[in-house]
**Student:** 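Before anything else, here's the structure in question.
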Amino acid sequence: MGWLRRSHLAFLPALCVLWAGMANSADSTVAKPLRIVSLAPNLTELTFSAGAGAQIVGTVEYSDYPQAARSIPRIGDAFRIDFERVLALRPDVVLAWESGTPQNVIDRLRALQLNVRVLATYRIADIGAATREIGVIGGTTPIAEQAAKQFDNDIEVLRRQYSARPAISVFLQINDRPVFTVNGKQIMSQAIALCGGRNVFGELNDLAPEVGEEAVLAADPQVIIATDNSGHDALDHWRHWQSMSAVRSGNLYVLPPDDLARPTIRLARGAAEICRTLETARAKTKPAGDGR
């Protein structure tokens, strides 16, 4: 310690205080985990994908993926929110779904001085963007970026492999009693287009319209895909119509809805299943003009 002169020793107590203050100041700048409330199951899932799932202190019914989401306290459902319970959770940010959370709910939460962030997932490309945005909100950007990049890459692989395949017409049935489908703007229909399919009801105005039996028969799809996990045969009714192209070719398929219905990272897996299904259907469909 030859470099430390005796006169310097007098300054050591002051230096110790300064160093301690600097350390405390550094500690105070470390961001604390946010308290997040999610108002939609898909936003809850995306928050977990972005690495911020542990920061969710409240969510809505049907937020059941991943498993950890099931234990998060509920503050209502997609349409009815317990505002008092939301306030009691003292959230730093509330995540709302642009196409799902009612505007009056968003307005009320903002009137209560809560920080509401509205996320859109209309298009397949929005899923990666929403994941990245949640990562910024939750301070988990590296995890969010990795998840979003993997999703974007998986979708691009499907696009390159299937989007230029021979077009095939598809009726997507999301409910059979009564019969509901989706129009071309709905994200499941975008997945069909990604795979080289054409939604026979893509031009309808409503996002999820009810359609009649006559309309389906008139559209005469080459493929019928039902998303159903209710336990009954959602396609049994159509098997009686042998005049339909899909029935004659045996192109009736039931796909599990979990990977398709929600605009989340899992949609890449669901889209891959649609692509494989349409490729199977192409092999079973007679070329136009083939009367054999």
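Worth saying up front: this structure is predicted, and the values here are computed from it rather than measured.
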**Student:** May I ask you to say whether Arg269 pairs ionically with Asp259, meaning some side-chain N is under 4.0 Å from a carboxylate O?
**Tutor:** yes
**Student:** Which side-chain N or O atoms in residues 191-212 pair as donor and acceptor under 3.5 Å with protein atoms at least two apart or in another chain?
**Tutor:**
from: Asn199; atom 1: OD1; to: Phe201; atom 2: N; distance (Å): 2.9
from: Asn199; atom 1: ND2; to: Val182; atom 2: O; distance (Å): 2.8
from: Asn199; atom 1: ND2; to: Ser189; atom 2: OG; distance (Å): 3.1

**Student:** Please tell me whether Trp238 and Gln173 have a donor and an acceptor in their side chains that are separated by less than 3.5 angstrom.
**Tutor:** yes
**Student:** Between Glu279 and Arg276, is there a salt bridge with N-O shorter than 4.0 Å?
**Tutor:**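 A salt bridge is absent here (no side-chain N lies under 4.0 Å from a carboxylate O).
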**Student:** Given Asp82 and Arg74, is the salt bridge (Lys or Arg N to Asp or Glu O under 4.0 Å) satisfied, shown in steps?
**Tutor:** CA-CA 9 Å; Asp82 186 336; Arg74 269 40 179 173; over 6 Å; no
**Student:** Is the side chain of Ser38 donor-acceptor paired with the backbone N or O of Thr44 at a distance under 3.5 Å, no angle test?
**Tutor:** yes
**Student:** Quick test of your reading of the model: are Asp64 and Arg262 salt-bridged, counting only N-O distances below 4.0 Å?
**Tutor:** yes
**Student:** Closer than 3.5 angstrom, by distance alone: can the side chain of Thr47 be matched with the main-chain N or O of Leu43 as a donor-acceptor pair?
**Tutor:**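 Indeed, once roles are kept as given, a pair shorter than 3.5 Å links the two residues.
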**Student:** Looking at side-chain heavy atoms only, is the closest gap between Ile187 and Ile124 below 4.5 Å?
**Tutor:** yes
**Student:** Side chains of Asp176 and His237: does their closest heavy-atom pair fall under 4.5 Å?
**Tutor:**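 Side chain of Asp176 against side chain of His237, heavy atoms only: no contact under 4.5 Å found.
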**Student:** Please name all residues satisfying side chain to side chain donor-acceptor pair (under 3.5 Å) with Arg80, sequence neighbours left out, ordered by chain then number.
**Tutor:** Asp77
**Student:** Test of understanding: with salt bridge (charged side-chain N to carboxylate O under 4.0 Å, His left out), list the residues that count as partners of Arg132, not counting sequence neighbours.
**Tutor:** Glu145, Asp152
